[in-house]
Every structure is written in C-alpha cells, then in structure tokens.
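To keep things clear, I will list the structure first and then write my remarks on it.
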Amino acid sequence: MAHVVDLRSDTVTKPTKAMKHAMVNSALGDDVYGEDPTVNALENKIAALLGKQAALFVPSGTMSNLIAIMVHCNKRGSEAFVGDLSHIYKYEVGGASHLAGVMLSTVANKPDGTFDLQELEDRIRGSNIHEPVTAMVAVENTHNYCGGKVLPLKFLDDVGALCKKHSLALHMDGARLFNACAHAQEEAARVVRDCDSVSVCFSKGLSAPVGSALVGSYHFIEQARRARKMLGGGMRQAGVLAAAALVALHEVVPLLALDHKRAQVLAKVIEGLFLKAFTVDAHNTHTNIVLVRISEHAPLTADQLVQRLAQVCLAETQGDCKTPNDEGVIVKATEFNSKTIRFTLHREITDEDLWLAIMKITYVFKELSSSLENK
C-alpha cells in the first residue's frame with residue numbers, strides 16, 4: 001500500500017501510549033457533581049499554567065468559545081467583535097447568533113492575524129438605543145486561517161488596554177495557544193495576561209483524543225459551568241478523557257517546537273522550488289501550519305491540487321521519482337479556499353514522513369507547473 005502522510009490537520013493525532021495508560025488507570029468520579037479527581041486536577045493545572053483562577057473541561061473548542069460568548073454577552077442582542085477570518089466567525093456554525101442570541105460583528109484581519117484597533121474602537125456601540133450593546137472582543141492565537149500566525153504581545157497588550165478602557169470582555173480562542181507560546185518563547189500566563197477568558201484545545205497538536213478547557217475567573221467559570229450543562233457538555237466520568245489531556249501538557253507541549261521546525265523545512269523547500277504557480281511565505285511561517293497559495297492566473301484550483309496529492313501515478317513508482325516505498329506516497333492536505341491549501345505538521349509526522357512528503361509535493365508541484373506552462 002502507498003505510504004500515507006496525513007497533513008490535513010493536527011486534529012488527526014492519536015493518543016500516545018502514556019495517554020492510553022493514564023486513561024485506563026485514571027481515578028474517576030461524577031464531574032457534574034464536581035467529584036472527578038482527574039478532571040479537577042486538569043482544571044487546576046491548566047488554570048495555574050494560564051495564571052487564571054479556574055477552568056472548565058469541555059468536549060470541544062467550539063463549545064468552549066460558545067460558552068465564553070454566552071457568559072460575556074449574557075443579554076440577548078449583545079454584540080461581540082471578532083476577526084473576519086476567525087474560527088469563531090468562519091467555522092463554528094453561527095452558534096453565537098443561533099444559540100446565544102449574540103450578533104458577531106467583524107473587523108478585517110490583517111495577514112498577521114491582528115486587526116486595526118482604531119477601527120475597533122470607532123465601532124464600539126452601546127449609547128444609542130437603536131444599536132446593540134458591544135460586550136466582548138475575541139482574538140485568535142495562533143491564527144488558523146492566517147497560517148498559524150502568532151499574535152504579537154504588543155497587540156495583545158493594546159487590545160487588552162482597549163477592552164479595559166471600554167469595559168469589554170476579552171476572550172482568546174487559544175486552540176493552539178501552546179504553539180504560540182513555543183514560537184514566542186513566552187509563558188502562557190504572559191500571553192493571556194489581559195484576557196478575561198481563554199479557550200485551549202487538547203485534541204489538536206497536543207494529541208489528546210477529546211477535549212478543551214475554558215479558563216477564567218471563579219465567577220466566570222461558575223457561570224460557564226451552567227452554560228456547559230445547558231449545551232449538553234456535562235460528561236460525568238470525564239476523567240478518562242482528562243487523564244490524556246494531563247499527559248499532553250507534560251509530554252507533548254515540550255515537543256511542539258519540533259513541529260514548527262519541520263513546518264519551516266517544508267515551507268523553505270516549496271519556496272526554494274521557485275515555481276510561479278505556487279508560493280509560500282516561509283519567513284512568516286510561525287508555527288506548524290504551512291499555507292501554499294496557487295497563482296490567481298493558474299487554471300488550477302485548491303481542490304484539484306489536494307486530489308492530485310492524494311493520487312499515485314505510475315511514473316511516481318517506476319520512474320525518476322521512485323521512493324523507498326514501491327507503492328508510492330499519498331499526501332493528505334486541506335483545501336482552505338479555491339486558491340489555497342494547508343499542510344499541518346504534528347507529533348505523528350516523523351523526519352521520514354516529512355522527507356517522503358517533500359518528495360511527493362516536489363514531484364506534483366513540478367508536474368503541475370510544467371503542464372500549466374505548456375498550456
């Protein structure tokens with residue numbers, strides 16, 4: 001069979017042996033009653049790491065973000081500002097409006113994941129009875145759609161000061177927060193210092209099978225617990241899942257920089273091909289996400305490129321591109337938009353996997369580039 005290198009997302013990571021051992025041997029109780037010792041240990045651990053008072057273990061990052069919105073915007077018809085390329089706005093099924101009765105207003109994300117704070121301040125509302133009341137601002141770190149960008153500390157400091165000035169809650173969608181910390185070489189508590197709440201995912205690059213944490217003050221988490229119950233997120237003996245997340249914080253977080261290094265290698269190789277049809281900004285590849293953009297003038301879509309990377313042709317196994325695997329190599333990628341694909345490095349990608357993926361990507365990119373030039 002062909003060797004498969006799955007670069008679609010770091011969500012495909014599976015639990016480590018240590019995680020499975022911890023899950024089998026975890027001490028359990030009923031978390032809805034607050035009696036699961038493993039969940040309690042995880043919540044205390046992640047709250048301490050982020051320098052906050054308390055935390056809540058939830059099934060997913062989408063639920064975590066939604067709960068934060070529900071608590072901060074507790075009056076229906078409130079307004080929350082998010083980036084126009086943010087995960088909350090693009091990929092969370094409109095839950096803020098459908099379930100929380102909150103209007104999401106967008107500010108244009110810059111390529112580095114930030115947005116214009118003067119524009120944000122100019123658009124804050126609440127004094128006019130005809131308008132909704134602005135209640136919160138959300139930032140995303142790392143910023144997925146902008147290519148895993150890490151938000152500058154100065155921006156976070158400035159947006160924090162702006163929110164305090166106008167009595168707005170500041171929430172961070174920190175699904176890949178520890179990737180941001182690894183790149184910035186800063187403690188998590190410093191990065192989220194001015195945030196009133198933070199969502200952290202354990203099931204992406206940290207390799208745990210399920211779960212996120214919502215972190216904030218005692219009062220915030222008390223309200224968040226009620227919202228979690230309302231949304232069906234009370235998981236009873238959830239320690240079997242929390243055990244894996246605890247191991248992830250100890251075992252996998254220190255390894256995230258390796259994913260970043262491999263992403264850099266991949267980005268630099270693609271950039272070094274000097275193909276007009278495909279571009280990568282290797283210098284601004286901060287973490288484990290590599291975005292490849294297809295030229296607007298090329299008659300090729302991201303979907304077609306993803307499909308070709310998932311195919312093995314005869315020339316790859318019997319021609320000049322023959323690999324140590326006689327059945328060839330399949331590289332799985334994600335279509336981001338019609339002209340962009342995403343490769344995501346993660347713990348399960350070894351140096352050999354990376355080398356095979358580079359061979360495949362190089363072959364396909366040159367093949368397609370040549371065919372485009374001959375048209």
Side-chain angles (χ1 to χ4, degrees), residues 61-62 65-66 68-69 72-73 77-97 100 102-126 128 131-166 168-177 179-180 183-184 191-192 194-199 279-281 283-287 289-296 302 334-342:
T62 295
N65 286 331
L66 177 59
I69 292 169
H72 291 312
C73 306
S78 296
E79 176 181 49
F81 276 101
V82 297
D84 67 333
L85 300 178
S86 67
H87 195 279
I88 289 175
Y89 182 69
K90 290 179 66 67
Y91 300 122
E92 298 187 4
V93 209
S97 58
V102 174
M103 187 178 87
L104 293 181
S105 292
T106 60
V107 186
N109 279 118
K110 298 178 182 180
D112 65 353
T114 65
F115 42 74
D116 188 284
L117 295 184
Q118 186 59 59
E119 178 190 351
L120 172 63
E121 185 167 29
D122 291 343
R123 292 176 56 192
I124 293 171
R125 301 188 283 184
N128 189 322
E131 297 177 340
V133 176
T134 305
M136 71 166 275
V137 175
V139 294
E140 184 176 332
N141 197 21
T142 67
H143 200 291
N144 175 36
Y145 200 85
C146 290
K149 295 294 193 303
V150 177
L151 301 183
L153 278 180
K154 185 178 186 309
F155 172 78
L156 292 173
D157 292 346
D158 290 345
V159 72
L162 178 62
C163 287
K164 285 182 174 62
K165 175 182 175 182
H166 294 279
L168 305 178
L170 176 60
H171 172 69
M172 179 183 288
D173 176 1
R176 296 182 176 91
L177 171 64
N179 290 91
H183 174 79
V191 175
V192 305
D194 296 325
C195 297
D196 297 288
S197 59
V198 186
S199 174
T279 58
V280 171
D281 185 359
H283 178 71
N284 288 310
T285 297
H286 290 175
T287 53
I289 294 174
V290 178
L291 296 187
V292 179
R293 305 189 190 280
I294 304 168
S295 170
E296 291 295 329
T334 295
E335 176 189 355
F336 241 34
N337 57 45
S338 63
K339 288 291 185 178
T340 308
I341 69 169
R342 184 187 75 176

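Count residues from 1 along the sequence. Both backbone and side-chain heavy atoms feed into the values below; hydrogens, waters and symmetry mates do not. Bear in mind the structure is a predicted one, so any value in this text is a computation, not a measurement.
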Would you please classify the geometry between the Phe336 ring and the Tyr145 ring as parallel, tilted or perpendicular, with 30° and 60° separating the classes? parallel
Quick one: CD on Glu335 to CG on Asn337, what's the gap to the nearest 0.5 Å? 7.5 Å
With side chain to side chain contact (heavy atoms under 4.5 Å, CB included) as the criterion, how do Ile69 and Glu92 come out once you've worked through the C-alpha distance, each side chain's angles and the decisive distance to 0.1 Å? CA-CA 12 Å; Ile69 292 169; Glu92 298 187 4; 5.7 Å; no
Find the distance between CG (Leu120) and CZ (Phe115) and round it off to the nearest 0.5 Å. 5.5 Å
Considering only heavy atoms from C-beta outward, does the side chain of Lys164 approach that of Asp194 to under 4.5 Å? yes
Heavy-atom pair with the smallest gap, counting every atom of Ala302 and Thr340: CB-O, 3.5 Å
Specify the closest pair of heavy atoms between Thr285 and Val280, including all atoms of both residues, with the distance to one decimal. OG1-CG1, 4.5 Å
Using the side chain to side chain contact (heavy atoms under 4.5 Å, CB included) rule, take His72 and Asp196 through it: C-alpha gap first, then chi angles, then the decisive distance, then the call. CA-CA 9 Å; His72 291 312; Asp196 297 288; 4.0 Å; yes
So, taking the atom named NE2 in His171 and the one named CD in Glu140, what distance separates them when rounded to the nearest 0.5 Å? 9.5 Å
Roughly how far, to the nearest 0.5 Å, is the CG atom of Asn179 from the OG1 atom of Thr287? 5.5 Å
Testing the 3.5 Å rule here: is there a donor-acceptor pair between the side chains of Ser105 and Glu79? yes
Does the pair Thr114 and His143 meet the rule for a side chain to side chain contact (heavy atoms under 4.5 Å, CB included), with working shown? CA-CA 9 Å; Thr114 65; His143 200 291; over 6 Å; no
dist Asn144:CG -> Ile289:CD1 (nearest 0.5 Å) comes out at 4.5 Å
Parallel, tilted or perpendicular, as decided by the 30° and 60° cut-offs, for the rings of His286 and His183: parallel
Quick one: do Met136 and Val102 satisfy side chain to side chain contact (heavy atoms under 4.5 Å, CB included)? Show the steps, please. CA-CA 10 Å; Met136 71 166 275; Val102 174; over 6 Å; no
Working to the nearest 0.5 Å, report the span between CG of Leu168 and CG of Leu162. 7.0 Å
